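Comments concern the structure below.
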Amino acid sequence: MRWLQLLTAAVLPLTALAAKKSSGDRFNDFHKASVSSAPLKLDDASFAQLTKAPRNYSVAVLLTALETRFGCQLCREFQPEWDLLGKSWIKGDKNGESRMLFGTLDFVDGKNTFQSFMLQTAPVLFFFHPTTGPHAKRDAQPVRYDFAGPASAEQVHTWVSRQLPGETRKPAIVRPINWMKIISVTTAVLGLVTFIAVAAPYIVPILQNRNLWAAFSLITVLLFTSGHMFNHIRKTPYVAGDGKGGMQYFAGGFSNQFGLESQIVAAMYGVLAFATIFIALKVPRIADPRAQQFAVFLWSVVLLGMYSFLLSVFRMKNGGYPFYLPPF
Amino acid sequence: MATTDDGQFLKKVSGRNTRGLLRVIILCLIAGAAVSSRLFSVIRFESIIHEFDPWFNFRATKYLVQNGFYSFWDWFDDRTWHPLGRVTGGTLYPGLMVTSGIIYHLLRFLALPVDIRNICVLLAPGFSGLTALATYLLTSEMVTSPSAGLLAAAFMGITPGYISRSVAGSYDNEAIAIFLLVFTFYLWIKAVKLGSMFWGALTALFYGYMVSAWGGYVFITNLLPLHAFVLICMGRYSPRLYVSYCSWYALGTLASMQIPFVGFLPIRSSEHMSALGVFGLLQLVGFVEWVRTQLPNKQFQTLLRALVLVVFVVALGALVLLTFSGVIAPWTGRFYSLWDTGYAKIHIPIIASVSEHQPTAWPAFFFDLNMMIWLFPAGVYMCFKTLTDEQVFIVIYAVLASYFAGVMVRLMLTLTPIVCVAAAMAFSQILDTYLDTKTPKADAKTNESPADSAKVAAAAVLPDSLRSTRTPYIGIYSYASKITVIGASAIYLLLFVLHCTWVTSNAYSSPSVVLASRLPDGSQHIIDDYREAYYWLRQNTPENAKIMSWWDYGYQIGGMADRPTLVDNNTWNNTHIATVGKAMSSREEVSYPIMRQHEVDYVLVVFGGLLRYSGDDINKFLWMVRIAEGIWPEEVKERDFFTPRGEYRVDDQATPTMRNSLMYKMSYYNYNSLFPAGQAEDRVRGAKLPAEGPQLSTVEEAFTSENWIIRIYKVKDLDNFGRDHQSAVAFDHGHKKKRASKKKGPRVLRVE
């Protein structure tokens, strides 16, 4: 049997490393290979070799589809995290004490594997427990990780750690220091300070402008009271179709809204508030009696119409609401 | 409002007295309206404590009244969180209970023996009258117009945003806390205006009361420093600010530290650091200002200013360092989730699971505040007209509170007072202007040369200056304008009152312990399943029978059934809650050992399938699963409760995990016996149930209420013959023992 194993190993593309001095221990071969490039880049043959049945080590393999034509956004997002996990693990466990290997199998290299597992989606993360040795599991089936949205290296790390027996050393994830970011942030901060120091004579009057602050406060208040935070937290759609080719501007239901809807409501509040301010503060300061009379009527009508419309929209949201104002 | 257009004869001294008297009468009427509008639930149902948390407060108050203050302070409650217990005296805000205790003893002293329950039920309406008064005082400090305060008081009295938490029976911390909040702000404004140590100390006193009453005191703790900080940044530092702030901070911090639950938090947690920081900054600024008066040297002043900046930055750095080194506790999850809105959903599902912690959609704002929601920005804008120190406060409060109210439905409560104040300012401005009987003389010039209509229209839409107050105030010329505006205002006010009454009557007056429905003939039908079940527990179970239920019902079981519970609404121990969640969401073979280990005697589930009651346990079930998964990710998996197509189903398409979970089985056990064969239907979820109902082996049905809302199961004792329960049940049904079932089954607890 030994020569057969060597023979298969010789066919592998991995032979460059394995054939140098094949110790006969698959784990050592693969571990050696992964020291230089973790996680291992696999194809159908090496995948079969890696996960072959008598196995005294654990394997985690990510089956993915990285090429753009497959349109797997999640695969591409997760790949750097996965590489980071594999690299940090091998770095923290150079001697292979955890008996744990990481591999990546791209769909392009491993169509048969995808077929044999009957996989329709990617990415899929399998964890193969050892079949022999002290921590062997009787169930030979791999464990599958559920990707519920983008996963971070840490999340997968905790999942992998849970699969391993408790006493095994689990190297922590070491994120490389992002020098680029540190430098750019420092530069930006220094630049900002310089800018402020230079531009202070021009900025300070703006900062002290009362109208600006008034506008800022009013916009914030209108934004928040019209449910902007709801859109932000619930990630509501901006607008939806009504199924007949038209647009539905107002979502049905009391605790439901669209992005555009809350903006319309904010605008309505804004118009109403502006009409109130106008009637309360500006009209009494109009010197011309006729102009004043006209202004009063105009803004009263605007106020009434807008409020009536607001009530009608609210009635739409809240079925049993009994009050309304003419004309709407 | 009656006081605004009083005639000439009221201008004298007697006129002032009359106006004062009128104002008192109006305020009393407003308080009366505020109290009576909160009595819907008492009239419709009865004098009963509502919802969930109030039941704990009620129970604690009874304990206080029976055992005295000191034993209440040291109360260790072994009837909740079995078997852990809860150090209740040190983990609650005692202000509410002590307040009702004092009222109780006061009334007894006056020879009026009122039942403590009635005091608890009526405490919130009573305090709402005081809140209206406090709002009047606060608004009167903001503007000169006498009508604004009265309007604000009226708004505050009847606005649904406040009624939602203060109807009769809603005996919760907020009942007194909103009064304390508004009154503390009034005292603070008064202190800043007068620069008086006395008012500062009074602020601290009521701040201390507020700390003892509600966790929301942190809002004051951060808002007052922010106000002071903004004033300093605006260059409005004054000795008045220094005196009022320092006296408030020093005394208020000491007062807040007297509450065991708060303890040393004011100097050790991030929520309180802004108050400390501004206190330090004020000392610095005060010192610099003093030096400035002594030394007129220009360079020296620049140096000093730089010094202030440096010290400020260094102090901030030290603060950050202390936070990272752990001396100062970082923001607690509850507060942190206000800023990082995605935080709670990932890290603390227990907070995210509560419905009042959800973000607010716009209809909720309109529902709670009606027309004030658009008067509010107008009022805030008017504050910018003169922008006195106290009006700066309104602006800050408005912006911050609207943010918080947008993030969490519950915090609408803190937004409501400022909305009332600002809306009243805007509205009273209109009333004052248009109710003025004096008509200005039209300018001769404008009369001579009648401008063409286009010009008139242009002047009406866009006056010469966009700045509203630059041109001098003239007044309203024609009666037609006055009648138009006043008429419209009256209609809006009327509509507001109708809206408030309707909302209060329809949405906020249900005790939720007792449900009401209408029969086909229109008469009211009371659904009293909760109390029926709790009284069954009280009368048919031993006094120390442990009841397991989801945490929502813990306080009610403690209060109404007087039985020990495993978890309750205090939610202090997430693991314990997750244990209950695991027992509910696992198979019987897994749940039974858990229940045995926790000495559970009865399990209570809420099921609304028969009555279309949507707040039942199956709808809350996913939260139980999620919380359990947070602790045992290997054993409970949310994914397993969804069908492969990602649906949450209860019918015959439901996943095996779902159908085998204890919660599912207990909810639907025997349910199909109500229907003709094969027609069982869950009316809440609109699902046809499988023809074969679930079988239970480790628990047995003990009680089901009239409308099946509450179902109680007794946990079986170990089998007499040492069999596991499945085979015992199978034997009872006459099934032959199968030899084939030799394969290793799930683990069963063995208790010798």
Side-chain angles (χ1 to χ4, degrees), chain A residues 146 148 162 210-211 213-214 217-218 220-222 224-230 232-234 254-257 261-262 265 268-270 272-274 276-277 279-298 300 303-304 307 310 314 317-318 320-323 325, chain B residues 341-342 359-367 371 373-378 380-382 384-385 387 395 398-399 402-403 405-407 426 429-430 433 442-443 446 450-451 456-457 459-461 463 468-469 471-478 480-481 484-485 488 492 495 498-499 502 633-634 639:
Chain A
D146 274 317
R162 277 208 307 271
R210 192 179 285 186
N211 284 351
W213 282 102
S217 315
L218 289 191
T220 346
V221 164
L222 284 176
F224 290 141
T225 52
S226 59
H228 171 74
M229 288 316 286
F230 185 90
H232 179 76
I233 294 171
R234 290 286 169 81
F254 187 71
S255 45
N256 223 346
Q257 65 180 21
E261 177 184 351
S262 73
V265 169
M268 281 198 276
Y269 289 167
L272 285 166
F274 186 72
T276 314
I277 292 168
I279 289 177
L281 294 179
K282 293 185 183 160
V283 167
R285 289 180 170 79
I286 296 178
D288 182 2
R290 276 174 54 203
Q292 191 189 55
Q293 179 88 60
F294 181 69
V296 165
F297 287 144
L298 178 72
S300 295
L303 197 65
L304 179 73
Y307 191 25
L310 180 63
F314 185 70
K317 306 280 289 186
N318 187 1
Y321 190 69
F323 305 116
L325 272 176
Chain B
T341 44
T360 321
W362 77 266
F365 278 102
F366 188 79
F367 195 66
M371 69 162 180
I373 197 67
W374 50 267
L375 284 173
F376 173 46
V380 172
Y381 176 80
M382 281 171 197
F384 278 98
K385 223 170 29 157
L387 208 66
V395 174
V399 172
S402 29
Y403 172 76
V407 175
Q429 179 76 34
I430 292 182
T433 309
D443 246 352
T446 37
V456 169
V461 180
S468 50
T469 50
T471 44
Y473 179 85
I474 296 164
I476 303 301
Y477 291 105
S478 78
S481 319
T484 313
V485 173
Y492 298 152
L495 197 65
L498 287 175
H499 172 92
W502 183 81
E634 286 308 291
R639 189 70 196 76

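It should be emphasised that the depicted structure is a prediction, and the values quoted were computed from it without experimental measurement. First the proteins, then the strands, lettered A, B, ... as listed; each starts at 1.
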_Heavy-atom pairs under 4.5 Å with chain A: which of B:Met382, B:His499, B:Arg639 has the most?_
B:His499
_Quick check on B:Leu495 against chain A: is it the side chain, the backbone, both or neither that has a heavy atom closer than 4.5 Å?_
side chain
_Distance check, rounded to the nearest 0.5 Å: A:Leu272 atom CG versus B:Ile373 atom CD1?_
11.0 Å
_Contact winner vs chain B - A:Ser262, A:Gly270, A:Gly227, A:Ala214, heavy-atom pairs under 4.5 Å_ = A:Ala214
_Just so I know, are the side chains of A:Thr220 and B:Tyr403 near enough to count as touching, which here means a heavy-atom distance under 4.5 Å?_
no
*What is the ring orientation for B:Phe366 with A:Tyr307, classed by angle as parallel under 30°, tilted 30 to 60°, or perpendicular over 60°?*
perpendicular
_Structural part of A:Phe323 lying under 4.5 Å from a heavy atom of chain B_ = side chain
*How about B:Ile474 and A:Ile286: do any of their side-chain heavy atoms sit closer than 4.5 Å?*
no
*Which of B:Val485, B:Thr433, B:Val380, B:Leu387 touches chain A most, by non-hydrogen pairs under 4.5 Å*: B:Leu387
*Short side-chain to backbone donor-acceptor contact, B:Gln429 and A:Ile277, under 3.5 Å*: no
*Taking all non-hydrogen atoms of both residues into account, name the closest pair between B:Ala361 and A:Phe230 and its distance.*
N-CD1, 3.7 Å
*Least distance between heavy atoms, A:Leu222 atom then B:Pro377 atom*: CD2-CG, 3.7 Å
*Side chain to side chain, A:Arg290 and B:Tyr477, heavy atoms closer than 4.5 Å*: no
*Decide side-chain contact (heavy atoms from CB on, under 4.5 Å) for A:Leu310 and B:Trp374; before the verdict, give the C-alpha distance in whole Å, the side-chain angles of both, and the deciding distance to 0.1 Å.*
CA-CA 11 Å; A:Leu310 180 63; B:Trp374 50 267; 4.1 Å; yes
*Taking all heavy atoms of A:Ala273 and all of B:Ala378, pick out the closest pair and write down the distance.*
O-CB, 3.8 Å
*Where on B:Val399 is there a heavy atom nearer than 4.5 Å to chain A: the side chain, the backbone, both, or neither?*
both
*pair B:Lys385-A:Leu281: side-chain heavy atoms closer than 4.5 Å*: yes
*In Å, rounded to the nearest 0.5 Å, how long is the span from OH of B:Tyr381 to CZ of A:Phe274?*
8.0 Å
*Can you check whether A:Met229 reaches B:Thr360 side chain to side chain, under 4.5 Å on heavy atoms?*
no
*At a heavy-atom separation under 4.5 Å, does A:Ile279 approach chain B through its side chain, its backbone, both, or neither?*
both
*Considering only heavy atoms and a distance below 4.5 Å, find which of A:Val221, A:Thr225, A:Val296 pairs most often with chain B.*
A:Thr225
_Tell me if a side-chain donor or acceptor on A:Gln257 pairs with a main-chain N or O of B:Trp362 at a distance below 3.5 Å._
yes
*Where does B:Leu375 contact chain A at under 4.5 Å (heavy atoms): side chain, backbone, both or neither?*
side chain
*To the nearest 0.5 Å, what is the distance between CZ (A:Phe297) and OG1 (B:Thr484)?*
4.0 Å
*Considering only heavy atoms, which portion of A:His232 lies under 4.5 Å from any heavy atom of chain B: side chain, backbone, both, or neither?*
side chain
*Does the side chain of A:Leu303 come within less than 4.5 Å of B:Tyr492's, by heavy atoms?*
yes
*Given a strict heavy-atom distance threshold of 4.5 Å, which part of B:Ala480 is in contact with chain A: side chain, backbone, both, or neither?*
both
*Could you tell me which of A:Arg162, A:Arg210, A:Lys317 has the largest number of non-hydrogen atom pairs under 4.5 Å with chain B?*
A:Arg210
*Tell me, for B:Phe376 versus chain A, whether the close heavy atoms (under 4.5 Å) come from the side chain, the backbone, both or neither.*
side chain
*Count the heavy atoms belonging to other residues, nucleotides or ligands that lie under 6.0 Å from CH2 of A:Trp213, then report whether that count exceeds 12.*
no
